[in-house]
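Note sheet for the following structure.
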Amino acid sequence: MKVVILAGGLGTRISEESILKPKPMIEVGGAPIIWHIMKLYSYYGFNEFVICAGYKQEAIKEWFSNYFIYKNDVTFNLSNNNEIIIHNKNTENWKVSVIDTGYYTMTGGRLARVKDYLDGEPFMLTYGDGVSDIDINALLAFHKDHGTIATLSAVQPAGRFGTLDITDDLVTSFREKDKNDVSWINGGFMVFEPAIFDYLAGDDCILERAPLETLAALNQLSCYKHFGFWKCMDTLNDKNALNKLWDTNQAPWKKW
């Protein structure tokens, strides 16, 4: 099963760094946060990735094209036609497709643009800026057991996110968060059946609006409640908090 990662947004809330690179390429512990997300999926045996790129998409392509060099010792023999000798040869068992899905395309539109890369099969999808200690295999089993078109992972962070109303493991509605509301939000880490593409229309389509709202109304959006760690990197403070966890060996998402 392939994993789609949304990595094309402008990242305006963390503009201190996103002015130079796309947000998924901002580093935590010396590696882009997208790498941490991919390592989690890989830990559970999912090694094929389709990255929906857009803003500064060349930075993502360049990083993966040089990954083998970044992760190994290397000798550049300039006297012999710039021969490159790779030592160690440590790498990942990954197949990564980086697709330019447009500069201003919305999340649903980005997903629609990579349809042909998913071979008409079920797939997983998440955002390129959030890490978690979620059990991917348990999430997938939950999705299969409930038999809906889509499953999202619900988490309970403090603060600034819209909330979900949930009944019997189904999302019944999306709404704005009240300042006193401690509720569930969409944390990404989703699973979709190919039928999701019937609900996507055009580059302006926002996945979290009409498509998921329609599925919720049809009782076709299941909700896997994750009670563990989850954090997205929306601001510079978020980045610093994630780096502190990593640097002190307290990163809950590090399973490898």
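Computed from a prediction, not measured in an experiment: that's the story for all the values here.
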Inset, instruction - Quick one: pull up CZ in Arg110 and CD1 in Ile99 and give me the separation to the nearest 0.5 Å. - result: 12.5 Å
Legend entry - Non-neighbouring partners of Asn137 that pass side chain to side chain contact (heavy atoms under 4.5 Å, CB included), sequence neighbours left out: Tyr44, Phe46, Asp135
Inset, instruction - Return each pair, listed once, that meets salt bridge (Lys or Arg N to Asp or Glu O under 4.0 Å) where at least one residue sits in residues 189-205; pairs must be two or more places apart or across chains. - result: Arg113-Asp203
Legend entry - Pairs satisfying salt bridge (Lys or Arg N to Asp or Glu O under 4.0 Å), at least one member in residues 118-131, at least two apart: Lys2-Asp119, Lys23-Asp129
Legend entry - Those residues that, when tested against Ile85, pass side chain to side chain contact (heavy atoms under 4.5 Å, CB included) (two or more places apart): Thr75, Glu83, His87
Legend entry - ring-ring contact (aromatic ring centres under 6.0 Å, His included) partners of Phe197, counting only residues at least two apart: Phe123
Legend entry - Residue pairs passing the salt bridge (Lys or Arg N to Asp or Glu O under 4.0 Å) test where at least one lies in residues 136-145, sequence neighbours excluded: none
Legend entry - Residues which pass side chain to side chain contact (heavy atoms under 4.5 Å, CB included) with Lys95, listed by chain and number, not counting sequence neighbours: Glu48
Inset, instruction - Just grab all the salt bridge (Lys or Arg N to Asp or Glu O under 4.0 Å) pairs involving residues 30-45, residues at least two apart or on different chains. - result: Lys39-Glu92
Inset, instruction - Nearest 0.5 Å please: distance from the CZ atom of Phe192 over to the CG atom of Leu118. - result: 11.0 Å
Inset, instruction - With sequence neighbours left out, write down each residue that passes ring-ring contact (aromatic ring centres under 6.0 Å, His included) with His143, or none if nothing qualifies. - result: none
Legend entry - Qualifying residues under side chain to side chain contact (heavy atoms under 4.5 Å, CB included), relative to Ala141, sequence neighbours excluded: none
Inset, instruction - List in chain and number order the residues that pass ring-ring contact (aromatic ring centres under 6.0 Å, His included) with Phe229, two or more places apart in sequence or in another chain; answer none if no residue qualifies. - result: Trp253
Legend entry - Check: Asp238 side chain, Thr235 main-chain N or O, donor-acceptor pair, under 3.5 Å: yes
Inset, instruction - Would you indicate whether the side-chain heavy atoms of Leu6 and Thr101 approach each other to under 4.5 Å? - result: no
Inset, instruction - Only counting residues at least two apart or in another chain, list the ones meeting ring-ring contact (aromatic ring centres under 6.0 Å, His included) with Tyr117. - result: none
